[in-house]
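Structure record follows, encoded as structure tokens.
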Amino acid sequence: MLFSNISNKNYVIELENEIELFRTYFKFSDNEKLISIKFISVNQDIDFTIVAKNTDVFSKIEKILYDNYPKYIDSENYFIVNGSKINTHRTLEQNKIKNNDIVTLEINNFD
């Protein structure tokens, strides 16, 4: 039983060291963390998940979405998360986007 506790403790220490190396390598500050965001569209043709930093500006993530769904580049779009419209010039954290949130792309139809 003692051996198991020691090996578990060593394993946790190794994981903590790996996390610290990862954060250093990818230049994470203390307030940054990775979050997963799922994108969907009202017409249900988008089903896309991305991992990003909570400090990333939403427009950076929007560009990645358009790289994968180029048909939406020329449309006038807006995004909703948890009932609130997203400001694309603000960070994920400023938009109150959290891990595993679902972001809905909606198209402005001015017709």
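In what follows, residues are counted from 1 in the order of the sequence shown. Computed from a prediction, not measured in an experiment: that's the story for all the values here.
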Please report the shortest heavy-atom distance between [X] and [Y], naming the atom on each side.
{"X": "Thr88", "Y": "Glu62", "value": "CG2-OE1, 3.7 Å"}
{"X": "Val81", "Y": "Ile102", "value": "CG2-O, 3.7 Å"}
{"X": "Ala52", "Y": "Asp56", "value": "CB-OD2, 3.5 Å"}
{"X": "Asn68", "Y": "Ile64", "value": "ND2-O, 2.9 Å"}

Do [X] and [Y] have side-chain heavy atoms sitting under 4.5 Å apart?
{"X": "Lys53", "Y": "Leu34", "value": "yes"}
{"X": "Ser41", "Y": "Tyr69", "value": "no"}
{"X": "Gln94", "Y": "Asn87", "value": "no"}
{"X": "Leu65", "Y": "Ile46", "value": "yes"}

Would you kindly confirm whether [X] and [Y] end up in one hydrophobic cluster when ILVMFWY residues are joined by side chain heavy atoms under 4.5 Å apart?
{"X": "Ile50", "Y": "Ile73", "answer": "yes"}
{"X": "Ile80", "Y": "Ile37", "answer": "no"}
{"X": "Ile97", "Y": "Tyr78", "answer": "no"}

**Prompt:** With under 30° as parallel and over 60° as perpendicular, where do the rings of Phe79 and Tyr66 fit, or are they tilted in between?
**Reply:**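 Tilted.
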
**Request:** Take the angle between the ring planes of Phe39 and Phe58 and call it parallel below 30°, perpendicular above 60°, tilted in between.
**Result:**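 It falls in the tilted class, 30° to 60°.
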
**Asked** Asn82 pairs by side-chain hydrogen bond (donor to acceptor under 3.5 Å, both in side chains) with which of Asn95, Thr104, Asp101?
**Response**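 When Asn95, Thr104, Asp101 are each tested with Asn82, the side-chain hydrogen bond (donor to acceptor under 3.5 Å, both in side chains) holds only for Asp101.
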
**Asked** Should the heavy atoms of other residues, nucleotides or ligands under 6.0 Å from CG of Asn43 be counted, would the total exceed 12?
**Response**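 Buried by this count: over 12 neighbours within 6.0 Å.
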
Drop me the distance from [X]'s [atom1] to [Y]'s [atom2], to the nearest 0.5 angstrom.
{"X": "Glu18", "Y": "Ile13", "atom1": "CD", "atom2": "CD1", "result": "13.0 Å"}
{"X": "Asn99", "Y": "Leu92", "atom1": "CG", "atom2": "CG", "result": "11.0 Å"}
{"X": "Ile35", "Y": "Lys98", "atom1": "CD1", "atom2": "NZ", "result": "9.0 Å"}
{"X": "Asp45", "Y": "Lys71", "atom1": "CG", "atom2": "NZ", "result": "4.0 Å"}

**With sequence neighbours excluded, residues passing side chain to side chain donor-acceptor pair (under 3.5 Å) with Ser75** =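 With neighbours one apart ignored, the set is Asn77.
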
**Prompt:** With no hydrogens and no angle check, is any side-chain donor or acceptor of Asn54 less than 3.5 Å from a backbone partner on Lys33?
**Reply:**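 Checked: pair present.
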
**Request:** Considering only Ile, Leu, Val, Met, Phe, Trp and Tyr, and joining two whenever side-chain heavy atoms are under 4.5 Å apart, list the other residues clustered with Val42.
**Result:**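 Val42 shares its hydrophobic cluster with no other residue.
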
